[in-house]
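Since the structure is predicted, the reported quantities are computational estimates derived from the model, not experimental observations. Numbering of ligands and ligand atoms starts at 1, following listing order.
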Amino acid sequence: MNHERQAIIAQITALIPRYVLACYPTPLLLARRLTAALGSPTIWFKRDDLISFGLGGNKVRGLEVLLADALAQKASRLVTGAGVQSNHVRATAAVAAHAGLACTAVYWGKPPAHIDGNYRVTKMLGSDIFFTQDNDRESVDSHILQVADTLRQQGENPYSIPRGGASALGALGHILAVFELYQQCVSVNLQPDAIVFAVGSGGTYAGWLCGTKLLNLPWRLECYSVSREPEQVSIQVARLATEAAQLLQLDWQFSAADAPVHGGFIGAGYGIPSTEAAAAIRLVGRNEGLLLDPTYTGKAMAGLLDDLANEQFSEYQNIVFLHTGGEPAFFAGNGDWLNN
Ligand SMILES: *Cc1c(COP(=O)(O)O)cnc(C)c1O
């Protein structure tokens, strides 16, 4: 089995052109004190927050593939968007700067009163900034296309990346993350029963679905939505996974049922810290000296803790929590939420 998997890894990796920006693998860390505190399955952290480029996080993995494509198309600029505290936009700005490309960040709404967290970093990196003046998050989608059109008329060659980085091409970068974790597990003789992570726009989950299927791995993917209703996320993830498989010449059709998503931990809304996430962040911080973020990983951890407490995962012996990054958002705003 191992030989077959190694052959698939070699074959698929060769099909995914990327511009490598960071040092891999990211660490796989045993959370000894957290596990003892919970008296639960053994918990491990896959430290993608430590990706050694642009303040890290999962978005860099997708962007390495997108940048290779942008450079092959001789792009002059990257255009993408999301909310002002977006990790994806911050990472894109860093990637553009590194590759000598211009960058335009399209944000929904109006300029915020405070320039902090990811927004401060993105501005420092020199991105051109555009606000849609519309609080609907979807307003970003049409404006990315409009901004790119205008640039094209001005003689530029813009490369558009969908909101939040959710593209099939980007998902290929996360397939490589599955390969990476699998290799690490082999080397420490670990057989995780489940991989747990936060889902936003779905590109990460799409890649993990494809990668897990490619290697026929026995682990479950337990994903917690931090923005949309689970049903909506499942549809989007299935679409992205199907498209990503097509890019690898695989005739796979994923349905929403293949991409189950846990709901119930979004709190008051995307990007709004929840009491449960604050408690999860404190627990992990005080037991492991490890920082989770209030928008993504804190909410996914709150979901995991709740499901562990309710014995939803009692059949699991080893759980890997994918730390997808996002720490800059911890430093946005006044932090009042943390002590509530
Ligand atoms: C974007 C993001 C996610 C979710 O990834 P998607 O591919 O959008 O689902 C999780 N954690 C962090 C820190 C992120 O920035």
For this session: Can you tell me which residue pairs pass the ring-ring contact (aromatic ring centres under 6.0 Å, His included) test with a partner in residues 126-151, sequence neighbours excluded?
Result: Tyr107-Phe131, Phe130-His143

Exercise. Name the residues with a heavy atom less than 4.0 Å from ligand 1?
Worked result: Asn58, Lys59, Asn87, Ala198, Val199, Gly200, Ser201, Gly202, Gly203, Thr204, Tyr296, Thr324, Gly325, Gly326

For this session: Assess whether atom CZ of Arg239 is packed by more than 12 heavy atoms of other residues, nucleotides or ligands within 6.0 Å.
Result: yes

Exercise. When you look at CZ of Arg286, are more than 12 heavy atoms from neighbouring residues, nucleotides or ligands closer to it than 6.0 Å?
Worked result: no

Exercise. Strictly by modelled atom types, are Asn157 and Ser76 linked by a side-chain donor-acceptor pair under 3.5 Å?
Worked result: no

Problem set entry | Lys299 and Ser274: side chain donor to acceptor below 3.5 Å | no

For this session: Can you label the angle between the Phe330 ring and the Trp337 ring as parallel, tilted or perpendicular, going by 30° and 60°?
Result: perpendicular

